[in-house]
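Just follow the structure's listing: the first ligand is 1, and inside any ligand the first atom is 1. One-based numbering along the sequence shown.
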Amino acid sequence: MSSQFDIIHKDAAGRIGKLTTPHGVVETPTVMPVINPNIQTIKPSEMRDFGAEILITNSYIIYRKDELREKALRDGLHALLDFDGPIMTDSGSFQLSVYGEVEVTNEMIIDFQQKIGTDIAVPLDIPTHPDVSYEKAKEDMDVTIQRLKQARGLVKGDMLLAGPVQGATYGDLREECARELSDVGFDVYPFGAVVPLMESYRYADLVDVIASAKKGLDPTAPVHLFGAGHPMMFALAVALGCDLFDSAAYALYAKDRRYITSRGTYHVDQLKYLPCSCPICMAHSAEELKKAHNCTELLARHNLYVTFEEMRQIKQAIWEGNLLELVEQRCRSHPRMLEALKQMYTYSPWLEECDPSSKSTFFYCGPESSRRPEVLRFGRQLERFTIKGSVLIRTYPTKREKDYDNVLIFKPPFGSYPQELAEVYPLNAEVVRTPDYESLETAYLNTIKLVEMNTDAQFTFLMHEKFYHPLVEKLSSMANLTLADSEKK
Ligand code: GUN
Ligand code: ZN
């Protein structure tokens with residue numbers, strides 16, 4: 001087995017990795033364009049020009065059509081598609097979830113994928129709909145685990161095997177499923193049955209599904225978010241630790257005359273301008289695009305260009321250490337994405353464990369930034385400051401500093417810290433000079449904790465009126481703290 005995934009750079013729970021397959025190494029995060037073996041809007045041999053490194057197709061569709069099956073068995077999957085890079089194949093599970101049945105068994109479809117020379121095979125898992133009962137979700141999950149174990153025993157040679165994690169929207173089932181599959185050992189872990197969540201904009205539920213499944217996995221295992229192809233949610237999913245995506249969206253949206261951007265989707269008839277610089281958009285005006293005889297194909301090409309552009313932007317953000325800033329921006333494109341952002345930060349204790357402790361910058365982008373893992377980490381490490389004597393806590397520089405033994409800087413959303421640390425990450429954060437309620441709340445709670453922990457020190461708090469928050473009352477009622485008269489600023 002050549003199961004190999006090397007992580008080369010990290011940010012939050014996101015990472016840049018290298019996945020080794022029989023047909024070459026793939027750099028993640030990346031999107032696998034979905035190839036329909038029957039209808040090819042864009043030929044597989046052209047996919048590299050858009051930035052694709054790996055494709056995904058459906059072995060069940062190939063299996064069911066004599067002409068495709070015979071060619072695949074005779075010449076191999078790569079010859080059938082005319083693509084010599086890595087190819088993943090799905091098993092028919094999606095058809096199972098849509099039509100309720102399929103004409104193959106798990107054993108047959110694993111055997112077939114092996115015979116046609118796929119790089120990553122998928123067993124016949126059961127994608128359980130999000131709103132089924134707990135009992136039904138558990139029952140489906142148990143069948144899925146049995147089939148996956150069976151598949152693990154059948155696979156020979158260097159083909160990679162995916163182990164889809166199921167469990168509907170039950171966090172404990174997702175985690176249990178991931179843990180059991182981890183014990184068996186798969187090469188890639190797709191998170192399944194999330195398409196209905198994305199179709200109904202249930203991004204906050206999607207965050208729960210990803211976070212609970214990730215908890216059951218080895219953090220170094222490669223993760224595929226099955227059926228996720230809209231670039232608007234890539235940054236969020238990557239920050240939560242997803243490495244592979246697959247996009248049929250580029251073609252399906254095009255068929256519906258829809259134009260994808262990283263901020264959302266337009267119907268082509270809504271467009272007066274083309275807000276993109278890809279070769280398609282530079283060569284056409286909005287009017288020309290609408291009227292083109294090959295509008296579907298042009299839209300599919302544009303959709304694919306922006307899909308890969310977003311992935312490159314995400315990789316650059318991981319490289320620079322500002323992935324969470326990108327996530328916060330993207331999550332402002334839709335109120336349901338904003339819900340997902342807030343939900344993601346409920347997992348900050350977990351994100352903090354994954355997050356590299358030193359990065360270059362921290363930009364405060366809004367109230368949600370107060371919940372970032374770096375802020376949480378600062379609050380957990382307050383005991384590292386031992387403070388004695390007379391201490392000034394100030395919200396802005398003042399001449400009075402020389403009158404004290406120690407000076408602490410008060411900086412929302414963090415709290416109070418010794419002046420000497422001002423240039424150390426994350427305290428060197430770029431923040432707003434008019435702090436919002438949420439950032440003040442975190443900063444005051446941390447300051448109250450710090451004052452409580454240093455009873456030998458006598459604190460004076462010098463506050464500008466822009467820093468007022470109800471917690472100031474609590475702070476000023478503390479025995480070892482007095483509020484200084486504020487200076488006009
Ligand atoms: N495509 C989209 N969702 C799924 C899933 O849960 N399982 C499989 N095998 N394919 C999918
Ligand atoms: Zn374009």
Chemist: Regarding Glu53 and Thr30, do their side chains bring together a donor and an acceptor under 3.5 Å, going by distance alone?
Modeler: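 Not at all, the side chains of Glu53 and Thr30 share no donor-acceptor pair under 3.5 Å.
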Chemist: List the closest protein heavy-atom neighbour of atom 2 (C) of ligand 1: residue, atom name, distance to the nearest 0.1 Å.
Modeler: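 For atom 2 (C) of ligand 1, the nearest protein heavy atom comes out as Phe94 CD1, 3.5 Å.
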Chemist: Could you name each residue pair satisfying side chain to side chain donor-acceptor pair (under 3.5 Å) that touches residues 66-78, not counting sequence neighbours?
Modeler: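 Only His23-His78, Asp66-Arg69, Lys71-Asp75, His78-Asp119 qualify under side chain to side chain donor-acceptor pair (under 3.5 Å).
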Chemist: Which ligand 1 atoms are under 4.0 Å away from a heavy-atom of Val122?
Modeler: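 Here the atoms of ligand 1 in question are 9 (N).
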Chemist: What protein N, O or S atoms come within a distance below 2.8 Å of the Zn ion (ligand 2), ordered by chain and number?
Modeler: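 Metal shell, protein only: Cys276 SG, Cys278 SG, Cys281 SG, His302 ND1.
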Chemist: Considering Asp125, Val165, Val195 one by one, which has a heavy atom nearer to atom 7 (N) of ligand 1 than any of the others?
Modeler: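 Selected option, by shortest heavy-atom distance: Asp125.
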Chemist: Classify the side-chain pair Ser370/Tyr364 by whether it contains a donor and acceptor separated by less than 3.5 Å.
Modeler: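 Note: Ser370 and Tyr364 side chains meet the donor-acceptor criterion.
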Chemist: Charged N to carboxylate O under 4.0 angstrom, Arg202 versus Asp208?
Modeler: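 The answer is no: the pair does not qualify as a salt bridge.
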Chemist: To which protein heavy atom is atom 1 (N) of ligand 1 closest, and what is the distance rounded to 0.1 Å?
Modeler: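 The closest heavy atom on the protein side is Phe226 CD2, 3.4 Å.
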Chemist: For Tyr425, does the OH atom have more than 12 heavy-atom neighbours from other residues, nucleotides or ligands under 6.0 Å away?
Modeler: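 More than 12 heavy atoms, drawn from other residues, nucleotides or ligands, come within 6.0 Å of this atom.
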Chemist: Within the 4.0 Å heavy-atom shell around Gly192, which atoms of ligand 1 are there?
Modeler: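 Those atoms are 5 (C), 6 (O).
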Chemist: Tell me, which protein residue and heavy-atom name are nearest atom 10 (N) of ligand 1, and how many Å apart are they?
Modeler: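 Among all protein heavy atoms, the one nearest atom 10 (N) of ligand 1 is Asp90 OD2, 2.6 Å.
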Chemist: Relative to the heavy atoms of Ala193, which atoms of ligand 1 are at a distance of less than 4.0 Å?
Modeler: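 Checking each atom against Ala193, I get 3 (N), 5 (C), 6 (O).
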Chemist: Report yes or no: do Tyr203 and Gln343 form a side-chain donor-acceptor pair below 3.5 Å?
Modeler: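 Judged by distance alone, the side chains do not pair up.
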Chemist: With a 4.0 Å cut-off on heavy atoms, does Pro164 reach ligand 1?
Modeler: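 The answer is no: ligand 1 sits nowhere under 4.0 Å from a heavy atom of Pro164.
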Chemist: Using distance alone, with no hydrogens and no angle criterion, decide if Tyr63 and Asn58 have a side-chain donor and acceptor under 3.5 Å apart.
Modeler: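 Tyr63 vs Asn58: no donor-acceptor pair found between side chains.
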Chemist: Using the six-membered ring wherever Trp is involved, compare the ring planes of Tyr134 and Tyr170 and label them parallel, tilted or perpendicular (cut-offs 30° and 60°).
Modeler: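 Ring orientation of Tyr134 relative to Tyr170: perpendicular.
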Chemist: Is any side-chain N of the basic residue among Lys290 and Asp269 closer than 4.0 Å to the acidic one's carboxylate O?
Modeler: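 Here Lys290 does not pair with Asp269 in a salt bridge, since their nearest N and O are not under 4.0 Å apart.
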Chemist: For Asp125 and Gln166, which I'm curious about, is there any donor-acceptor pair between the side chains at under 3.5 Å?
Modeler: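 Yes.
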